[in-house]
Amino acid sequence: MNGHFISFEGPDGAGKTTVLQAMVERYQHRLKDQLTVTREPGGNPISEAIRTIILDKNNTEMDARTEALLYAAARRQHLVETILPALEKNHVVFCDRFVDSSIAYQGAGREIGPEEVYEMNLFATEGELPEKTIYLDIPSELGLKRIMTHRTEDVDRLDLEQLDFHQRVRSAYLNLAKKFPERIVVIDASQKLDDVKKDVIEVLDKILN
Ligand code: TYD
């Protein structure tokens with residue numbers, strides 16, 4: 001496969017959606033229909049339906065392992081229906097979250113255990129990992145502050161978690177970055193947006209030029 005599988009990760013409030021959108025605008029001109037932009041949980045009707053169940057704020061009864069299994073199920077379908085076919089066509093795939101999100105959110109945030117969540121996800125991914133992961137790092141207090149100011153009408157179930165949840169998520173991401181320094185690039189997302197974008201472009205240009 002000659003495509004490029006690139007994931008974007010980060011705790012809530014890191015500005016991932018904004019940065020990813022800016023990168024799509026920057027690269028789609030050059031890549032045209034060779035760029036596939038997709039997100040987890042989602043990317044196809046089955047995974048989007050699972051996403052609706054997971055993020056429904058009325059589902060307060062959801063067990064942490066049920067949640068982890070649903071993310072993994074959505075991921076499996078996303079991988080076989082969207083990501084792998086795109087890579088086979090030599091596309092560049094920009095993927096908003098992948099397995100690192102489950103390790104950080106379910107493994108550390110929900111305290112199932114990062115290793116256990118990774119192991120369980122192997123059934124879904126068969127070991128498939130992004131070639132490069134752009135991790136937008138933000139101190140938890142600042143991330144939460146951004147969510148509160150920007151997203152008053154769109155606060156989903158997970159955004160309502162406490163500060164310590166966000167701190168556990170962040171430190172899991174930083175551990176992953178230490179464990180996979182070749183794959184995961186840590187970008188300081190507390191900088192001004194233009195500087196964050198510049199750092200991300202530097203990484204992407206190296207892969208895509
Ligand atoms: P997302 O739509 O990426 O939210 P945002 O735009 O704020 O980044 O993801 C929604 C939520 O799903 C987010 O809080 C993280 C969570 N999530 C997990 O907990 N585990 C996972 O495996 C994935 C993919 C997402």
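Numbering starts at 1 and runs along the sequence shown. When a ligand or atom number is given, it counts from 1 through the structure's own listing order.
For the residue pair T36 / H91, a side-chain donor-acceptor distance below 3.5 Å is found, with atom types taken as modelled.
With ligand atoms numbered from 1 in the order given, ligand 1 contributes 24 (C) to contacts under 4.0 Å with heavy atoms of E40. Every atom of ligand 1 with a heavy atom of D12 under 4.0 Å away is listed here by number and element: 7 (O), 13 (C), 14 (O). Each of the following atoms of ligand 1 lies closer than 4.0 Å to a heavy atom of S101: 20 (N), 21 (C), 22 (O), 23 (C), 24 (C). Taking a cut-off of under 4.0 Å to the non-hydrogen atoms of S102, the atoms of ligand 1 that pass are 21 (C), 22 (O).
Taking E111 as the reference, R168 meet the salt bridge (charged side-chain N to carboxylate O under 4.0 Å, His left out) condition, with sequence neighbours excluded. Shown here are the salt bridge (charged side-chain N to carboxylate O under 4.0 Å, His left out) partners of D96, two or more places apart in sequence or in another chain: K16.
Salt bridge status for E141 with R170: absent, with no side-chain N to carboxylate O gap under 4.0 Å. Ion pairing between a basic and an acidic side chain is recognised when a charged N comes within 4.0 Å of a carboxylate O; K179 and E115 show such pairing.
Contact annotation: for Q106 versus ligand 1, heavy atoms closer than 4.0 Å belong to the side chain alone.
With N59 contributing its side chain and I53 its backbone, the two residues share a donor-acceptor pair below 3.5 Å.
In this structure, E67 does not count as a contact residue of ligand 1, since none of its heavy atoms falls inside 4.0 Å of the ligand. In this structure, R51 has a heavy atom closer than 4.0 Å to ligand 1.
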| request: Could you walk me through whether R76 and E128 pass the salt bridge (charged side-chain N to carboxylate O under 4.0 Å, His left out) test, one step at a time? | output: CA-CA 10 Å; R76 174 67 188 172; E128 196 73 47; over 6 Å; no

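Comparing heavy-atom distances from atom 10 (C) of ligand 1 across L55, T17, L20 singles out L55 as nearest. Comparing R110, R97, H166 against atom 1 (P) of ligand 1, the shortest heavy-atom distance belongs to R97. The option with the heavy atom closest to atom 23 (C) of ligand 1, from among F8, Y105, F98, Y71, is Y71.
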